[in-house]
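The figures that follow rest on heavy atoms only: side chains count, while hydrogens, waters and symmetry mates do not. Order of the sequence lines sets the chain letters (A, B, ...), proteins ahead of strands, with each chain counted from 1.
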There are 2 protein chains.
Amino acid sequence: MLQNHLQLTCNTMSTHTHLSAAESLITAQGGRVTRTRVAVLEILLAADQSLTHDEIGLALAEQGIKHDRVTLYRTLDWLVESGVAHKMAGDDRARRFGVAASGPHEHAHFHCDRCGKVVCLEGLQPAVAVNLPGGYQLDRAELVLHGACPTCGKGA
Amino acid sequence: MLQNHLQLTCNTMSTHTHLSAAESLITAQGGRVTRTRVAVLEILLAADQSLTHDEIGLALAEQGIKHDRVTLYRTLDWLVESGVAHKMAGDDRARRFGVAASGPHEHAHFHCDRCGKVVCLEGLQPAVAVNLPGGYQLDRAELVLHGACPTCGKGA
DNA sequence: GTGGTTTTGCAACATAGTAGCATTTGTGCC
DNA sequence: GGCACAAATGCTACTATGTTGCAAAACCAC
Ligand SMILES: [Mn+2]
Ligand SMILES: [Mn+2]
Ligand SMILES: [Zn+2]
Ligand SMILES: [Zn+2]
């Protein structure tokens, strides 16, 4: 709300060599460093929970970053395909996006069944050693814990 | 395709006292035994994988059971709310429904990342003993294994 | 700076799910 | 069997979320 209106005449992106965390992440994936990508990634990095397309769009708007709905979809898809972000299909029919601050996305998630919030539980991926029925090839395990988040659980 | 056209003039549902598995399940939940509910539940009971709203609707149509899209949504919702069926938000944005043939829905699922198929892994729910960050109240754990199903894994 | 490729914006479309309300149907009771 | 009444259905319209195609703009290597 306060730190806007800084890049009024800046149409080529990062002219100096000092890259932010978001910027380096993007270039590391071989993508172009665009206003929307950087902003979205920074929003995701700063978030303490997974965000919907809509929430991210709102955050962008609040920062005065003009963008198109479709562009945001494509940006998020790109982040997921690049392995930078992860996508979770929620119970409500909105996908939520997040980035694992540290390394690849190998951790469990907590889903609050009351407010719908989803948080990453980094450093918590129990080695699931199950014996599948024959023929099934296991790739990865996805663990989602359901319950009440600290905010929602207060009243109980 | 073959066993249709049997209840042409039968407008009150089960006049004899012998109830099918689906029918007893429905009455046990305090619901009314309707044509659509019975058929849907039987379809789900017979399925070896979770089915989408659309797939179920198609199956109903094939059985000559006239129904409305909305009714099917409501029927499925009711089955889930009653605890008879379970709902899974897939990667494609279609929810898939299934019933646990035995008892309540406490098991893991396998999701084929190639064909999108989801199967219930009954009798397989590893006791997930994780220590959550403070304040979080754990209700249940949801485990989804990702990989290739027997059909899709053949080529690999 | 220029050229070529990637990314964006726009408009139109598609799919999945929801809401309100009149009509029909299942069930308990006689 | 027939009645009364609540529960479930069918319809129509609507919302939310995501997708496609294509021309214009923005990045970036040179
Ligand atoms: Mn995560
Ligand atoms: Mn299941
Ligand atoms: Zn909550
Ligand atoms: Zn498969």
* **A:Ile26 CD1 to D:dA26 C1', straight-line distance once rounded to whole Å** => 14 Å

* Structure fact -> Ranking B:Val70 and A:Gly31 by the position along DNA chain C of their nearest nucleotide, the one closer to 5' is A:Gly31

* Asked: Counting side-chain heavy atoms from C-beta on, which of D:dG18, C:dC10, D:dG10 comes nearest to A:Tyr73?
  -> D:dG18

* Asked: Any side-chain donor paired with an acceptor under 3.5 Å for A:His146 and B:Asp139?
  -> no

* Can you check whether A:His109 and A:His111 have ring centres sitting under 6.0 Å from each other? -> no

* Are any of B:Arg95's side-chain N or O atoms less than 4.0 Å away from OP1 or OP2 of C:dG17? -> yes

* To do: Measure the shortest side-chain to side-chain distance between B:Arg140 and A:Asp113 over non-hydrogen atoms and say whether it is less than 4.5 angstrom.
  => yes

* Report yes or no: is there a donor-acceptor pair, N or O only, under 3.5 Å between the side chain of B:Arg69 and the base of C:dG17? => yes

* Asked: For the pair made of CG in B:Leu41 and P in D:dA8, what is the distance, rounded to whole Å?
  -> 14 Å

* Asked: Toward the 5' end of DNA chain C, which comes first, A:Thr36 or B:Thr27, by nearest nucleotide?
  -> A:Thr36

* Structure fact -> In whole angstroms, the gap separating C1' of D:dT9 from CG of B:Asp77 amounts to 14 Å

* **Pair A:Asp54 + A:Arg96: basic N to acidic O under 4.0 Å** => no

* Asked: Roughly how bent is the helix from C:dG1-D:dC30 to C:dC30-D:dG1 end to end, in steps of 10 degrees, with each end axis from five pairs?
  -> 50°

* Taking the side chain of B:Thr34 as its heavy atoms from C-beta onward, which of C:dT27, D:dT9, D:dC11 lies nearest to it? -> D:dT9

* **Ion pair check, B:Arg95 and B:Asp77, cut-off under 4.0 Å** => no

* Spacing of A:Asp68 atom CG relative to D:dG18 atom P, expressed in whole Å -> 15 Å

* **Atom-to-atom span, CD of B:Gln29 to P of D:dA7 - whole angstrom** => 16 Å

* Can you check whether A:Arg32 has a side-chain N or O nearer than 4.0 Å to OP1 or OP2 of C:dT5? -> no

* Taking only residues two or more places apart in sequence or in another chain, which ones pass side-chain contact (heavy atoms from CB on, under 4.5 Å) with B:Ala148? -> A:Gln137, B:Arg114

* Structure fact -> Against the side chain of B:His53, the closest entry in C:dG17, D:dA8, D:dT9 is C:dG17

* Asked: Taking the side chain of A:Arg74 as its heavy atoms from C-beta onward, which of D:dG10, D:dC22, C:dG17 lies nearest to it?
  -> D:dC22

* Given D:dA8, is OP1 or OP2 found less than 4.0 Å from the side-chain N or O atoms of B:Thr71? -> no

* Atom-pair distance (NZ on A:Lys87; P on D:dT17), nearest Å -> 15 Å

* **Main-chain N/O of B:Ile26 paired with B:Arg37 side-chain donor or acceptor, under 3.5 Å** => no

* Under-3.5 Å donor-acceptor pair between B:Arg93 side chain and D:dT17 base -> yes

* Structure fact -> Atom CG of A:Leu72 and atom P of C:dT7 are separated, to the nearest Å, by 15 Å

* Presence of B:Arg37 side-chain N/O under 4.0 Å of D:dA8 phosphate oxygens OP1/OP2 -> yes

* Asked: Which pairs pass ring-ring contact (aromatic ring centres under 6.0 Å, His included) with one or both residues in residues 43-67 of chain B, sequence neighbours excluded?
  -> B:His53-B:Tyr73

* What integer distance in Å separates B:Arg35:CZ from D:dA7:C1'? -> 16 Å

